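What you see below is based on every heavy atom in this structure, not just the backbone, and it leaves out hydrogens, waters and symmetry mates. So that the names make sense, note that chain A is the first sequence line, chain B the second, and so on, each numbered from 1. Keep in mind that what you see is a predicted model, and the values were worked out from it rather than measured.
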There are 2 protein chains.
Amino acid sequence: MLNPSPGTVDPVLIFAALGDRTRLALLNRLGDGRARSIAALSIDTALTRQAITKHLHVLQDAGLVASLRVGRESRFAARRETIDEARAYLDGVSRQWDDALGRLKAFVEE
Amino acid sequence: MLNPSPGTVDPVLIFAALGDRTRLALLNRLGDGRARSIAALSIDTALTRQAITKHLHVLQDAGLVASLRVGRESRFAARRETIDEARAYLDGVSRQWDDALGRLKAFVEE
DNA sequence: CTAATGGGCAACTTTTAGGTTGCCTATTTG
DNA sequence: CAAATAGGCAACCTAAAAGTTGCCCATTAG
């Protein structure tokens, strides 16, 4: 039904997609669960429709949004799964680092 | 004692810093809590020492690592706080999206 | 004291990301 | 059907990122 359901995505891709102000703003707008057309997402932004289109594709490649063509418009909606995947990754990092006590001490000693 | 303790950092900066394979690898190596010199972090990587240095500075600007000069070497260590900040941000996004039920339905209706 | 090691700095090259313009096609709508 | 709307595609332009090389300075080791 939707476009890409890429099971699991490379965390680097996800973080890179999140590391841009415009895309983070798009994601936040889509965070209300409503699917929106490219045109709808392009108003209220200084950028051109094509720029927004590119950003949406980056988000889609990262699995953060999915698209569906409806008539002449293509609607984009946020995907929870991938945000959760990013969270899980950071949780893993955090957990790994938990075991690493005495990190500041390690600054001094060799 | 350490270099920058930037209270709170722009999420975009953090995600952008995480969105690079080399930097994510560096972070993972530092995730054991040991502080390492640039030279130490440069072996086992195809890149030059200067390239690694640049990546470390990007990580530092994002608050993900801190550095301390010890004699002739400068040691870098991971900072838990900023990873937690990123986690908190994603938690917020996730929580916002929780309220958004019927997202898929919204694909069909206007 | 003289190597050798660890880094900083700056200039430079190359690749990629962000963005624009122009044009063409498909779908609505009056 | 004609005009308007929504997008796709491709070429192009910049600016920033990633990486390199070269050189110089500080610190440590023989």
I'd like to know if the side chain of [X] and the backbone of [Y] have a donor-acceptor N/O pair within less than 3.5 Å.
X        : Y        : value
Arg36(A) : Arg29(A) : yes
Arg75(A) : Arg34(A) : no
Arg23(B) : Ala17(B) : yes

Quiz item: Is any side-chain heavy atom of Leu27(A) less than 4.5 Å from a side-chain heavy atom of Trp97(B)?
Solution: yes
Practice problem: Would you mind reporting whether Leu24(A) and Arg21(A) have side-chain heavy atoms less than 4.5 Å apart? | Solution: no
Whole angstrom value for the distance that separates [atom2] of [N] from [atom1] of [X]:
X        : N       : atom1 : atom2 : answer
Asp20(A) : dA17(C) : CG    : C1'   : 9 Å
Gln50(B) : dC12(C) : CD    : C1'   : 13 Å
His55(A) : dG19(C) : NE2   : C1'   : 8 Å
Leu56(A) : dG18(C) : CG    : P     : 13 Å

Quiz item: In Watson-Crick or G-U wobble terms, both distances under 3.5 Å, what is the partner of dA3(C)?
Solution: none
Quiz prompt | Under 3.5 Å on both distances, the Watson-Crick or G-U partner of dG30(C) | solution = dC1(D)
Quiz prompt | Which residue lies more 5' along DNA chain C, comparing Arg72(A) with Arg23(A) via nearest heavy atoms | solution = Arg23(A)
Practice problem: Would you name the heavy atoms of Ala40(B) and Ile43(B) that are closest together and state the gap between them? | Solution: O-CG1, 3.1 Å
Practice problem: Could you pull out the closest heavy-atom pair between Ser67(A) and Phe76(A), with the gap in Å? | Solution: CB-CE2, 3.5 Å
Quiz prompt | Nearest to side-chain heavy atoms of Lys54(A), which nucleotide of dG8(C), dT29(C), dG19(C) | solution = dG19(C)
Quiz item: Does any N or O donor sit under 3.5 Å from an N or O acceptor when you compare the side chain of Arg49(B) with the base of dG8(C)?
Solution: yes
Quiz item: Does anything in residues 37-47 of chain A reach DNA chain C, meaning a heavy atom under 4.0 Å, and if so which residues?
Solution: Leu47(A)
Quiz prompt | For Thr82(A), the option from Arg79(A), Glu85(A), Arg80(A) that meets side-chain hydrogen bond (donor to acceptor under 3.5 Å, both in side chains) | solution = Arg79(A)
Quiz item: 5' to 3' on DNA chain D, which nucleotides open and close the contacts with chain A (atom under 4.0 Å from a heavy atom)?
Solution: dA4(D) to dC9(D)
Exercise. Output the distance between atom CG (Leu18(A)) and atom OH (Tyr89(B)), rounded to the nearest 0.5 Å.
Key: 8.0 Å
